[in-house]
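These notes are about the structure you will find just below.
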Amino acid sequence: MTHILHLDASARPGIAGTDEHGSISRRLTHRFVSDWQARQPDDSVTYRDIGGHPPSFIDQPWIQAAFTPAAQRSSWMADTLAESDQLVDELVAADLLVIGAPLYNFGMPAALKAWVDQVVRLGRTVDYEPSQPQDPFIPLLADRPRHAVILSSRGDAGLGPGGPMAHMNHLEPALTTVLEFIGITRIDRIAVEHQEEGGALLAASIEAAERDVDALVDHLSQSVHAKKQAEPA
């Protein structure tokens, strides 16, 4: 079976087209996960609404605890890292990470950055080997195949790769950098644009993105399960 970790980072609680002022990125992730479960009903999903319930920001006690060797941590350090440990455990358990991430002011929402800071952990998702100064970081989530899907929404247009405003998009590039750093290198991206303009342009962009979501679910669900069936028992 495949285990999915589904994250929504939008500050909007509803789904566009269903709820007033609903989120387009939530609409895409809901479609992706619902389609996946319809095709693979035995697969499991962990859902975390980080837009509605943001993770804690890291602070000095968190940093002190995280950089203290596990065997030397006091009880307060374990308590300080409990939220991070849970978020890391959810990520480590996932075969497929589905992230709904709107573009806020050229980058990721603060809630999503807080999640990133909680899960990029020395000794949990990345290691450091000082004897290899040219390449000292070891991605710990490269231990088995994992895949990530970034489903985003943007107010303007031309922010995708090769677009005239691509240099102003720091959402997907930043997320890709983080995921690859910890060992998740199979990454797909689908985005809706024209949210500020609305009307026919937005409707067409949503329609195109949903077609892409359906095609991606079809491709990934078949390929992931084919690989799992081929694995030795």
If every non-hydrogen atom of Ile4 is compared with every non-hydrogen atom of Val98, which pair is closest and at what distance? CG2-CG2, 3.9 Å
Note, Arg73 side chain near Leu81 side chain (heavy atom, < 4.5 Å): yes
For Leu201, is there any backbone N or O sitting under 3.5 Å from a side-chain donor or acceptor partner on Ser205? no
One thing to verify: whether Arg186 and Glu180 come together as a salt bridge, which I'm taking to mean a side-chain N less than 4.0 angstrom from a carboxylate O. no
Identify the two heavy atoms, one from Ala191 and one from Ala209, that lie closest to each other, and give their separation to 0.1 Å. O-CB, 4.0 Å
Starting from Tyr128, can I reach Phe67 by hopping between I/L/V/M/F/W/Y residues whose side chains sit under 4.5 Å apart? yes
Note, Thr177 side chain near Pro173 side chain (heavy atom, < 4.5 Å): no
Among Val88, Val119, Leu91, find the residue that satisfies the side chain to side chain contact (heavy atoms under 4.5 Å, CB included) test when tested with Leu141. Leu91
In terms of side-chain geometry, is the basic nitrogen of Lys113 or Asp117 positioned less than 4.0 Å from the acidic oxygen of its partner? yes
At their closest point, which heavy atom of Ala101 faces which heavy atom of Ser152, and how far apart are they? O-CB, 2.9 Å
Nearest heavy-atom contact between Ile184 and Ala148 is CG2-CB, 3.9 Å
Please examine the side chains of Thr185 and Leu179, heavy atoms only from C-beta on, and report whether any two atoms are closer than 4.5 Å. no
Mark yes or no for whether Ser34, through its side chain, and Arg31, through its backbone, hold a donor-acceptor pair below 3.5 Å. no
Min side-chain heavy-atom separation Gln118-Trp62 under 4.5 Å: yes
Please test Phe181 against Val120 for side chain to side chain contact (heavy atoms under 4.5 Å, CB included), starting from the C-alpha separation and ending with a verdict. CA-CA 9 Å; Phe181 182 68; Val120 179; 4.1 Å; yes
Would you indicate whether the side-chain heavy atoms of Ile99 and Val149 approach each other to under 4.5 Å? no
Polar side-chain atom of Asp19 near backbone of Ile15 as donor-acceptor pair, under 3.5 Å: yes
Whether Tyr104 side chain and Leu171 backbone form a donor-acceptor pair below 3.5 Å: no
How close do Ala157 and His194 get, heavy atom to heavy atom, and via which atoms? CB-CE1, 3.3 Å
Should Pro109 and Ser10 count as side-chain neighbours, where that means a heavy-atom distance under 4.5 Å? no
Please walk me through it: do His147 and Ile187 pass side chain to side chain contact (heavy atoms under 4.5 Å, CB included)? CA-CA 6 Å; His147 203 109; Ile187 304 170; 6.0 Å; no
Under the side chain to side chain contact (heavy atoms under 4.5 Å, CB included) rule, what do Leu96 and His3 come out as? Steps first, then yes or no, please. CA-CA 6 Å; Leu96 176 61; His3 182 65; over 6 Å; no
Please examine the side chains of Phe32 and Ile190, heavy atoms only from C-beta on, and report whether any two atoms are closer than 4.5 Å. no
Can a side-chain donor-acceptor contact be found between Ser56 and Glu83 if the only test is distance below 3.5 angstrom? yes
Among the clusters formed by ILVMFWY side chains lying less than 4.5 Å apart, do Leu97 and Val33 turn up in the same one? no
If you take all heavy atoms of Gly52 and Asp49, which pair is closest and at what distance? N-OD1, 2.8 Å
Following the transitive rule for hydrophobic clusters with a side-chain heavy-atom cut-off under 4.5 Å over Ile, Leu, Val, Met, Phe, Trp and Tyr, establish whether Val116 and Leu103 coincide in one cluster. yes
Look at Glu193 together with Arg154 and state whether they make a salt bridge at an N to O cut-off of under 4.0 Å. yes
Could you go step by step and tell me if Leu220 and Asp188 meet the side chain to side chain contact (heavy atoms under 4.5 Å, CB included) rule? CA-CA 10 Å; Leu220 286 182; Asp188 285 287; 4.3 Å; yes
Arg121 side chain near Asp85 side chain, heavy-atom distance below 4.5 Å: yes
Any link between Ile63 and Phe57 through a network of hydrophobic side chains (Ile, Leu, Val, Met, Phe, Trp, Tyr) touching at under 4.5 Å? no
Aromatic ring proximity His6/Tyr47, centre distance under 6.0 Å: yes
More than 12 heavy atoms from other groups under 6.0 Å of CD on Glu129: yes
Answer yes when Arg48 and Asp8 have at least one side-chain N-carboxylate O distance shorter than 4.0 Å, and no when they do not. no
Ignoring hydrogens and geometry beyond distance, is a side-chain donor-acceptor pair present between Ser25 and Arg12 at under 3.5 Å? no
